[in-house]
J.: 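Let me begin by handing over the structure; questions about it come next.
What you see is a predicted model, and the numbers here were worked out from it, not measured in a lab.
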Amino acid sequence: MGAIFMKFGYARVSTNDQNLEMQITALEKYGVEKIFSDKATGKNIQRKEFSRLLEQLRDGDTLVTFSLSRLGRKTKELIELIEKFNSEGITLVSLKENIDTNSPMGRAMIGMISIFAELERELITERVKEGVKNARARGRLGGRPRITNEKVKEALTLYHTEQYSVQEIIKKSGVSKATLYRRLSELENKNETN
């Protein structure tokens, strides 16, 4: 007796007041045997029914969704999910985009989405490298410039005169509020231990 392959459906709306009916009708029309649905935003990784669905999917099964956007919001997450399905032998069908990863056209579409996602990652990396290179050429090494001990001492002296507000001290010395308070705290601790 051969293995029994299942056709699962997944529907999702972002909020409780939205209706799943249209998606469920489309999934039933396609012939899915079991439907999982969530009322949760696509940004939310912890989608209870989606997690249950993923646990049940097996090699040879088909997952049908109304639209790729129902599976997730970010391209990177979608690609990772599709690659996971491919590696596990699960066919993905998206009704709205007319994608079926079991067909040559569907695989080509997913390939194109993957290529664009990879291109996007490379462009971001390239822009970051270019930005760092330009900053170095202008004499900046990235991050905040180091604050010298002299500047910190100046800030502490101004603070102890009790004539300046913290904002004025920051402006005059160039020392951040966090650095000023950290050094004051260190001095206080030092005094307490002595």
Side-chain angles (χ1 to χ4, degrees), residues 1-136 140 142-144:
M1 191 172 133
I4 298 168
F5 302 125
M6 289 282 292
K7 210 180 269 184
F8 292 99
Y10 180 68
R12 180 183 64 77
V13 289
S14 300
T15 60
N16 280 325
D17 57 350
Q18 290 178 317
N19 198 319
L20 288 160
E21 202 171 303
M22 183 188 76
Q23 292 177 50
I24 289 171
T25 302
L27 295 173
E28 286 171 345
K29 194 174 173 186
Y30 190 83
V32 300
E33 295 149 88
K34 190 169 184 183
I35 297 174
F36 292 83
S37 63
D38 281 306
K39 289 193 174 189
T41 172
K43 291 186 286 187
N44 187 354
I45 309 266
Q46 298 303 320
R47 288 177 275 157
K48 196 172 139 196
E49 289 299 302
F50 188 61
S51 298
R52 281 187 58 223
L53 165 65
L54 292 178
E55 286 170 15
Q56 291 192 29
L57 284 168
R58 301 286 174 261
D59 187 353
D61 287 345
T62 300
L63 169 58
V64 184
T65 186
F66 183 73
S67 164
L68 287 177
S69 65
R70 301 301 85 205
L71 297 178
R73 277 273 192 67
K74 295 180 180 167
T75 307
K76 181 179 177 279
E77 288 167 6
L78 270 174
I79 297 300
E80 286 169 2
L81 198 56
I82 291 164
E83 286 169 354
K84 174 186 177 338
F85 292 154
N86 283 343
S87 69
E88 293 174 5
I90 296 159
T91 299
L92 174 65
V93 173
S94 177
L95 302 176
K96 187 177 176 187
E97 290 87 2
N98 200 18
I99 292 173
D100 179 342
T101 59
N102 213 18
S103 74
M105 189 59 129
R107 285 192 294 275
M109 285 283 289
I110 296 304
M112 289 301 289
I113 292 170
S114 296
I115 288 166
F116 283 116
E118 182 61 32
L119 177 64
E120 185 182 19
R121 283 193 291 268
E122 284 180 19
L123 288 172
I124 290 167
T125 303
E126 222 171 83
R127 283 197 296 267
V128 169
K129 283 180 183 173
E130 194 63 32
V132 170
K133 190 173 131 188
N134 289 339
R136 283 191 177 138
R140 287 208 194 102
R144 282 190 180 159

J.: Nearest 0.5 Å, please: how far is CG in Asn19 from NZ in Lys39?
T.: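 Lys39 atom NZ to Asn19 atom CG measures 6.5 Å (nearest 0.5 Å).
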J.: Rounded to the nearest 0.5 Å, how far does OG1 of Thr101 lie from CZ of Phe85?
T.: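 If we round to the nearest 0.5 Å, Phe85:CZ and Thr101:OG1 are 9.0 Å apart.
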J.: Between Lys29 and Thr25, is any pair of side-chain heavy atoms under 4.5 Å apart?
T.: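 Not touching, per the 4.5 Å side-chain cut-off.
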J.: Taking the side chain from Arg12 and the backbone from Ser37, do they hold a donor-acceptor pair closer than 3.5 Å?
T.: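 No, because the side chain of Arg12 does not come within donor-acceptor range (under 3.5 Å) of the backbone of Ser37.
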J.: Determine the minimum heavy-atom distance between Val32 and Ile35, stating which atoms define it.
T.: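 Shortest heavy-atom contact: CG2-CG1, 3.4 Å.
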J.: For Met105, look at atom CE and say whether over 12 heavy atoms of other residues, nucleotides or ligands are found less than 6.0 Å away.
T.: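 Open: at most 12 neighbouring heavy atoms sit under 6.0 Å from CE of Met105.
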J.: Measure the spacing between CG of Asn102 and CD1 of Ile90 and express it to the nearest 0.5 Å.
T.: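 Those atoms lie 12.0 Å apart.
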J.: Show the nearest heavy-atom pair for residues Tyr10 and Arg70, with the distance to one decimal.
T.: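 Reported closest heavy-atom pair: CE2-O, 3.4 Å.
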J.: Given 3.5 Å as the limit, does a donor-acceptor pair link the side chain of Ser94 with the main chain of Ile99, or not?
T.: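 No.
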J.: Atom NZ of residue position Lys96 - does it have more than 12 heavy atoms of other residues, nucleotides or ligands inside 6.0 Å?
T.: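 No.
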J.: So do the side chains of Leu81 and Phe50 get within less than 4.5 Å of each other, counting heavy atoms only?
T.: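 Of all side-chain heavy-atom pairs linking Phe50 with Leu81, at least one is under 4.5 Å.
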J.: So how far is it from Glu130 CD to Leu123 CG, rounded to the nearest 0.5 Å?
T.: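 Atom-to-atom, Glu130:CD and Leu123:CG are 12.5 Å apart.
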J.: Kindly compute the distance separating NZ (Lys84) from CD (Glu77), expressed to the nearest 0.5 Å.
T.: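 Answer rounded to 0.5 Å: 14.0 Å.
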J.: Please check if atom CG in Asn98 has more than 12 non-hydrogen atoms from other residues, nucleotides or ligands closer than 6.0 Å.
T.: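 No, the 6.0 Å shell around CG holds no more than 12 heavy atoms from other groups.
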J.: So, Glu49 and Arg52, do they make that salt bridge, N to O below 4.0 Å?
T.: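 Looking at Glu49 and Arg52, the cut-off is met.
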J.: Of all the heavy-atom pairs spanning Leu71 and Arg47, show the shortest one and how long it is.
T.: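 Taking Leu71 first and Arg47 second, the nearest heavy atoms are O-NH2, 2.7 Å.
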J.: Starting at CG of Leu92, measure out to OG1 of Thr65 and round the result to the nearest 0.5 Å.
T.: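 Leu92 atom CG to Thr65 atom OG1 measures 7.5 Å (nearest 0.5 Å).
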J.: For a quick test of reading the model, state the closest non-hydrogen atom pair linking Gln56 to Asp61 and the distance between them.
T.: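 Nearest pair, atom of Gln56 first, then Asp61: O-OD2, 3.8 Å.
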